2 protein chains.
Amino acid sequence: MFFSIDANNGVAIYEQVVRQVKFAIAEEALQPGQLLPSIRALSVDLALNPNTVARAFQQLQSEGILETVRGRGLAVCAGVAERCKELRRELISDRLRSALSEALRGGLNTEEIQAIVQQQLQELTSQVASQ
Amino acid sequence: MFFSIDANNGVAIYEQVVRQVKFAIAEEALQPGQLLPSIRALSVDLALNPNTVARAFQQLQSEGILETVRGRGLAVCAGVAERCKELRRELISDRLRSALSEALRGGLNTEEIQAIVQQQLQELTSQVASQ
DNA sequence: GACAGTGTACTATGTAACTAGTACACTAGG
DNA sequence: CCTAGTGTACTAGTTACATAGTACACTGTC
């Protein structure tokens, strides 16, 4: 599957699953109507407890992004792609803002911060390219 | 005092205190030999439990950044300013890297991410300026 | 009908983080 | 000496998160 979990991320594991499902819908890697991998299958893939995955899916359901298909599984609701794109932008913006705010409060100036961002982006993209 | 705590940051509160003390030393807002505000005073300022502040200070002590002056308080060790500057860069880089990595995995491209960083930096600096 | 695969619900356990409160030894200053 | 202010060291309780295991109702397929 597409998801990757980092246990000591600050972000709770179930929350990481929630975010990455939203991202997958935003990327259109998950289409409306499409069934998600089952709770049990995904928990094996990600080496998580089924309850943790179930909690993530329940939250997505309560947000109106997934819906239950009785006896079949959970499917992506119709017409949520656009909303997921907005959510993705908000989630990423908030997290970046929090990190940038700490950097500013820590006494770094804008130029130093931008340099760090460039360096990290370069490292990350070259990593992905070499995979 | 200089510190500001954000309770739902992902970063544990005691860890935020640890980081901000390091940042203050890196900024030379705290000089070597200088006494820090007392655990009790700081806990009142930040509306935290004294134990939480004590835990942060104990960690800083075990890292060799603060030292006990019996009956007086905790003081910044001599010659740690340079190390704190390195630590500050590492801490901020790691956190930014984590956020940027999520953004890339979420399907945003480098240009979109850079645009978000610029926007957030601009908002944050104009906020600070208007304070 | 039988079975396997769904989501859902429940209780229980363990850990980390934070809070609450108390007690003690030490030092500086009157 | 006495008092107030230090750090330090406990025990306890709460919350959030993750894990472990079990049970149930539903659906699709044979």
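Predicted, not measured: the structure shown is a model, and the values here were computed from it. Chain letters run A, B, ... following the sequence lines, proteins first and then strands; every chain starts at 1.
Neither OP1 nor OP2 of D:dC17 sits under 4.0 Å from any side-chain N or O of A:T52.
What you find for B:Q20 and B:I5 is that their closest heavy atoms are NE2-CD1, 4.4 Å.
The distance between atom CG of B:L46 and atom C1' of C:dC18, rounded to the nearest whole Å, is 14 Å. Between the P atom of D:dA18 and the CG atom of A:L48 lies a distance of 9 Å, rounded to the nearest Å. Summarising the geometry, the separation between CG on A:L42 and C1' on D:dT19 is reported as 16 Å, rounded to the nearest angstrom. Between the CD atom of B:Q16 and the C1' atom of C:dA17 there is a distance of 12 Å, given to the nearest Å. When the P atom of D:dT19 is taken as reference, atom CZ of A:R55 falls 12 Å away, rounded to whole Å. Atom CG of A:N9 is separated from atom C1' of D:dC17 by 15 Å (rounded to the nearest Å). The interatomic distance linking A:N49 (CG) with D:dT22 (P) rounds to 13 Å, in whole Å.
For A:R97, the salt bridge (charged side-chain N to carboxylate O under 4.0 Å, His left out) criterion is met by B:E123, not counting sequence neighbours.
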What string of B, S and - do you get for nucleotides 6-15 of chain D 5' to 3' if you count protein non-hydrogen atoms under 4.0 Å? BBBSB-----
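The salt bridge (charged side-chain N to carboxylate O under 4.0 Å, His left out) analysis of residues 3-20 of chain B, with sequence neighbours excluded, yields the pairs A:E102-B:R19.
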Evaluate the side-chain hydrogen bond (donor to acceptor under 3.5 Å, both in side chains) criterion for residues A:E63 and A:Q59: first the C-alpha distance (whole Å), next the side-chain angles of each, then the deciding distance (0.1 Å), finally the verdict. CA-CA 6 Å; A:E63 289 184 51; A:Q59 179 169 331; 3.2 Å; yes
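Between B:L87 and the choices B:I25, B:I92, B:I65, B:V80, the side-chain contact (heavy atoms from CB on, under 4.5 Å) rule is met once, by B:I65.
By the criterion of side-chain heavy atoms lying less than 4.5 angstrom apart, applied directly or through intervening Ile, Leu, Val, Met, Phe, Trp or Tyr residues, B:V11 is not grouped with B:Y14; the two fall into different hydrophobic clusters.
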